[in-house]
**Q** 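One structure follows; several queries about it will come next.
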Amino acid sequence: MKYALVTGGSRGIGRAVAIRMAGMGYHIIINYQSNDVAAEETLALIREAGSDGELLRFDVSNREATVAAIEQWQTNHPDDYIDVLINNAGIRRDNLLVWMEPDDFDRVLSTNLYSFYNVTRPLLQPMIRHKHGRIISIASLSGQKGLPGQCNYAAAKGGLIAATKALAQEVGRKNITVNAVAPGFVKTEMVDGLDEAELKKQIPLNRFAEADEVAAVVAFLASDDAAYITGECISINGGLYT
Ligand code: NAP
């Protein structure tokens, strides 16, 4: 059995990734924070895709809770290890920096960036022992060019891209690849409230992405076909920023 952990797998891009990875034969560990109903729906879709999975609820921004959940999983699966990690869980709390409350800065950094440390570190030793692993993080266009109103989010996603490049150099010899993708605008609940009709005028492909279009690139990076790609951040933005 090959195991893939998808953080934030209950909805949006994480759900699309979970279904794609299920189609590749992985047993999917669906992490999420609070939406039990959505997580159960993802699990049902994974089973429809011909694989199986399990729910693992924890807050990726909470270091102790994250480590405890992963250690418990490992204790329950002494002969297995998590071969693929998709660092996907994320939030945004947009505001101009001059108005941004400390909590909105801290929450976005802890959920989108510190989570990289919290989740990845406990999974690294088993990957190193098995001499195989794939770590793929969902960054953002915002982390590449910066978007106004997103000093918190851009800092977190930019940090995620930098951490990806650094870790790739640390673990390449252990046959572990570490990559990121940087989506532009993707049709999920995260973009609810944005003016799609207005924003898409700036996008050469003239539309927002479907979550599955991001999942397709993530699945490729997890596959054997991408064995020689590491330390990369692949843009998926319809030509918005090149
Ligand atoms: P979404 O639809 O809002 O889903 C967010 C997911 O993250 C949910 O599964 C949620 O769980 C989970 N989550 C949030 N905080 C968490 C926490 N502290 N611990 C564990 N799980 C947590 O978002 P999305 O659009 O799919 O975004 C997925 C990733 O893509 C994020 O990292 C986001 O920054 C990035 N991204 C999105 C876009 C876009 O346009 N949508 C563009 C670029 C990058 P619950 O269901 O339990 O709440």
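The shown structure was predicted, so the numbers you read here are calculated from the model rather than taken from an experiment. We count ligands from 1, going down the list as the structure has it; atoms in each ligand are counted the same way.
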**Q** Taking distance alone, with no angle check, do Val191 and ligand 1 share an N/O pair under 3.5 Å?
**A** no

**Q** Within a distance under 4.0 Å of any heavy atom of Thr111, pick out the atoms of ligand 1 and give their elements.
**A** 15 (N), 18 (N)

**Q** Please check: side-chain N/O of Arg134 versus main-chain N/O of Ser223, any donor-acceptor pairing under 3.5 Å?
**A** yes

**Q** May I ask you to list the atoms of ligand 1 that are less than 4.0 angstrom from any heavy atom of Asp59?
**A** 17 (C), 18 (N), 19 (N)

**Q** Indicate, as side chain, backbone, both or neither, the part of Phe185 found under 4.0 angstrom from ligand 1 when only non-hydrogen atoms are considered.
**A** backbone

**Q** What part of Ala38 sits under 4.0 Å from ligand 1 if we count only heavy atoms: the side chain, the backbone, both or neither?
**A** neither

**Q** Would you please say whether a donor-acceptor pair under 3.5 Å links the side chains of Gln150 and Asp94?
**A** yes

**Q** Among protein heavy atoms, which sits nearest to atom 34 (O) of ligand 1, and what does the distance come to when rounded to 0.1 Å?
**A** Tyr153 OH, 2.5 Å

**Q** Strictly distance-based, threshold 3.5 Å: is any side-chain N or O of Thr230 a donor or acceptor partner for the main-chain N or O of Val178?
**A** yes

**Q** Taking distance alone, with no angle check, do Lys157 and ligand 1 share an N/O pair under 3.5 Å?
**A** yes

**Q** Is Arg15 paired with Glu41 through a side-chain N to carboxylate O contact shorter than 4.0 Å?
**A** yes

**Q** I'd like to know if the side chain of Asn87 and the backbone of Phe116 have a donor-acceptor N/O pair within less than 3.5 Å.
**A** no

**Q** For atom 25 (O) of ligand 1, find the nearest protein heavy atom and state the residue, atom name and distance (0.1 Å precision).
**A** Thr188 OG1, 2.4 Å

**Q** For Glu198, run the side chain to side chain contact (heavy atoms under 4.5 Å, CB included) check against Lys200, Gln202, Lys201 and tell me which one passes.
**A** Lys201

**Q** If the plane angle is over 60° it's perpendicular, under 30° parallel, otherwise tilted; pick one for Tyr81 and His130.
**A** parallel

**Q** Less than 4.0 Å is my threshold; does some heavy atom of Arg57 fall inside it relative to ligand 1?
**A** no

**Q** Check for me, please, whether Ile13 and Ile203 land in the same ILVMFWY cluster - side-chain distances under 4.5 Å, paths through other members count.
**A** no

**Q** Return the closest protein heavy atom for atom 31 (C) of ligand 1 as residue, atom name and distance.
**A** Asn88 O, 3.1 Å

**Q** Would the distance check show the side chain of Ser140 and the main-chain N or O of Ala182 forming a donor-acceptor pair, the cut-off being under 3.5 Å?
**A** no

**Q** When you measure from atom 3 (O) of ligand 1 to each heavy atom in Lys187, Arg107, Arg11, which option holds the nearest one?
**A** Arg11

**Q** In chain order, what residues pass the salt bridge (charged side-chain N to carboxylate O under 4.0 Å, His left out) check against Asp212, with sequence neighbours excluded?
**A** Arg20

**Q** Show which atoms of ligand 1 fall inside a sub-4.0 Å distance from at least one heavy-atom site of Phe58.
**A** 19 (N), 20 (C)

**Q** Please confirm whether Ser34 approaches ligand 1 to less than 4.0 Å, judged on its heavy atoms.
**A** yes

**Q** Any nitrogen or oxygen of Asn112, side chain or backbone, less than 3.5 Å from one on ligand 1?
**A** no

**Q** Give the residue and atom name of whichever protein heavy atom lies nearest to atom 11 (O) of ligand 1, and the separation in Å to one decimal.
**A** Ser10 OG, 3.4 Å

**Q** Which of the atoms of ligand 1 are close to Gly90, meaning less than 4.0 Å from one of its heavy atoms?
**A** 5 (C), 7 (O), 14 (C), 31 (C), 32 (O)

**Q** With heavy atoms of Ser140 as the reference, note each atom of ligand 1 found under 4.0 Å away.
**A** 43 (C), 44 (C)

**Q** Could you find the nearest protein heavy atom to atom 42 (C) of ligand 1 and give me its residue, atom name and distance?
**A** Gly184 O, 2.9 Å

**Q** Any salt bridge linking Lys187 with Glu213? Criterion: basic side-chain nitrogen under 4.0 Å from a carboxylate oxygen.
**A** no

**Q** Which heavy atom of the protein is the closest neighbour of atom 44 (C) of ligand 1, given with residue, atom name and distance?
**A** Ala139 O, 3.2 Å

**Q** Whether the side chain of Ser110 engages the backbone of Arg107 through a donor-acceptor N/O pair (distance < 3.5 Å, no angle test) should be reported.
**A** yes

**Q** Suppose I only count heavy atoms of Asn31 and a 4.0 Å limit; which atoms of ligand 1 are within that range?
**A** 20 (C), 21 (N)

**Q** Would you mind checking which non-hydrogen protein atom is closest to atom 7 (O) of ligand 1, with the distance to 0.1 Å?
**A** Gly8 CA, 3.5 Å

**Q** Of all the non-hydrogen atoms in the protein, which one sits nearest to atom 40 (O) of ligand 1, and at what distance?
**A** Val186 N, 2.8 Å

**Q** Per the ring pair (Phe, Tyr, Trp, His ring centres under 6.0 Å) rule, what does the pair list look like for residues 186-239, sequence neighbours excluded?
**A** Phe185-Phe208

**Q** Among Val60, Ile13, Ile91, whose heavy atom sits nearest atom 19 (N) of ligand 1?
**A** Val60

**Q** Are Arg93 and Asp103 ion-paired here, with the side-chain N under 4.0 Å from a carboxylate O?
**A** no

**Q** Below 3.5 Å, N or O to N or O, backbone or side chain included: is there any such pair between Asn35 and ligand 1?
**A** yes

